[in-house]
Amino acid sequence: MMDDSAGTPALSSRAVGLFGNLQMHYQTLLDKSTPHPGARWGLTGGLLFMFLLRIVLAQGWYIICYALGIYMLNLFLAFLTPKIDPEMAEELDEAEAASESGPGLLPVKNDDEFRPFIRRLPEFKFWLNSTKAVLLSCVCSFFAVFDVPVYWPILLFYWMFLFVITMRRQIEHMIKHRYVPFANFGKQRYSRGK
């Protein structure tokens with residue numbers, strides 16, 4: 001007679017192996033998609049369009065759509081924000097300068113030093129989290145428990161209000177600290193010599 005303890009480790013090791021294999025294929029797919037941002041965002045846009053079409057045709061799950069909008073707005077703001085907040089960096093620089101004030105110390109930093117824009121949330125992670133959120137929203141839209149009855153125009157108005165307020169604040173922050181989070185915007189372009 002076969003006891004259960006002998007079969008369980010073999011079954012669990014196969015499950016772990018299968019999970020590891022799936023995880024390896026998933027990571028390979030992500031690695032191959034990295035140099036193709038247009039195709040990645042096109043896929044996410046298509047998924048988002050299908051989700052919104054489902055919401056409009058089914059006339060429900062507005063709260064899921066609202067939660068997705070708030071989450072994607074949060075991701076977008078993290079994408080636009082620098083990794084090190086300029087206001088905090090200025091305070092840190094002042095504190096370091098005050099603590100190191102002594103005769104004969106050489107300056108450590110130059111005020112005109114070039115500092116590249118480093119995002120709080122890189123583009124790839126922004127895309128990956130957005131795609132996961134859209135897929136999760138699609139899955140949630142198939143369950144009636146998530147179809148909470150709400151008056152959708154109020155949610156839409158409130159989301160638009162939040163979007164305008166937060167973007168206004170973000171643009172003011174960008175103007176105040178003179179940074180542009182878009183790589184190709186505002187750079188000088190040179191024509192090819194023929």
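Quick caveat, the model's predicted, so the values are computed rather than measured.
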* Which residues pass the side chain to side chain donor-acceptor pair (under 3.5 Å) test with W41, sequence neighbours left out? -> E123
* For F146, which residues count as a ring-ring contact (aromatic ring centres under 6.0 Å, His included) partner, sequence neighbours excluded? -> none
* **ILVMFWY cluster, L135 and L53 together (side-chain gap under 4.5 Å)** => no
* Drop me the distance from L80's CG to H173's NE2, to the nearest 0.5 angstrom. => 11.5 Å
* If two hydrophobic side chains count as joined below 4.5 Å and joins carry through other members, does Y158 share a cluster with V148? -> yes
* To do: Could you tell me which residues satisfy side chain to side chain contact (heavy atoms under 4.5 Å, CB included) with D31, sequence neighbours excluded, listed by chain and number?
  => Q27
* Structure fact -> By side chain to side chain donor-acceptor pair (under 3.5 Å), T131 pairs with (sequence neighbours left out) T44, W127
* **Interatomic spacing from CG in L18 to OG in S13 - rounded to 0.5 Å** => 11.0 Å
* Common cluster, F126/L30, ILVMFWY with side-chain heavy-atom separation under 4.5 Å -> yes
* To do: Could you grab the distance from atom CG of L57 to atom CD of Q59, nearest 0.5 Å is fine?
  => 8.5 Å
* **Qualifying residues under side chain to side chain donor-acceptor pair (under 3.5 Å), relative to H36, sequence neighbours excluded** => none
* To do: Can you run down the side chain to side chain donor-acceptor pair (under 3.5 Å) pairs that involve residues 134-150, sequence neighbours left out, and say none if there aren't any?
  => R54-S141
* Asked: salt bridge (Lys or Arg N to Asp or Glu O under 4.0 Å) with K32: which residues, sequence neighbours excluded?
  -> none
Extract all donor-acceptor atom pairs below 3.5 Å that involve side chains of residues 45-52 and protein atoms in other chains or at least two apart in sequence.
none

* Asked: Can you list the residues that meet the side chain to side chain contact (heavy atoms under 4.5 Å, CB included) rule with K125, with sequence neighbours excluded?
  -> L121, P122
* In Å, rounded to the nearest 0.5 Å, how long is the span from CH2 of W152 to CH2 of W159? -> 14.0 Å
* Asked: Are E172 and K176 ion-paired here, with the side-chain N under 4.0 Å from a carboxylate O?
  -> no
* To do: For residues R40 and T34, report the shortest heavy-atom separation together with the two atoms involved.
  => NH2-O, 3.2 Å
* Asked: Looking at side-chain heavy atoms only, is the closest gap between N21 and M24 below 4.5 Å?
  -> yes
* Asked: Do M167 and M160 sit in the same hydrophobic cluster, where Ile, Leu, Val, Met, Phe, Trp and Tyr count as joined when their side-chain heavy atoms come under 4.5 Å apart?
  -> yes
* How is the hydrophobic cluster of Y151 composed, in terms of its other members, when Ile, Leu, Val, Met, Phe, Trp and Tyr link through side-chain heavy atoms under 4.5 Å apart, directly or indirectly? -> I154
* To do: Kindly write out the residues that satisfy side chain to side chain contact (heavy atoms under 4.5 Å, CB included) with F157, not counting sequence neighbours, or none if the list is empty.
  => none
* Taking a hydrophobic cluster as the set of Ile, Leu, Val, Met, Phe, Trp and Tyr residues connected by side-chain heavy atoms closer than 4.5 Å, whether directly or through intermediates, do F143 and W61 fall within one such cluster? -> yes
Distance-only check: which donor-acceptor pairs under 3.5 Å involve side-chain atoms of residues 62-78, not counting sequence neighbours?
none

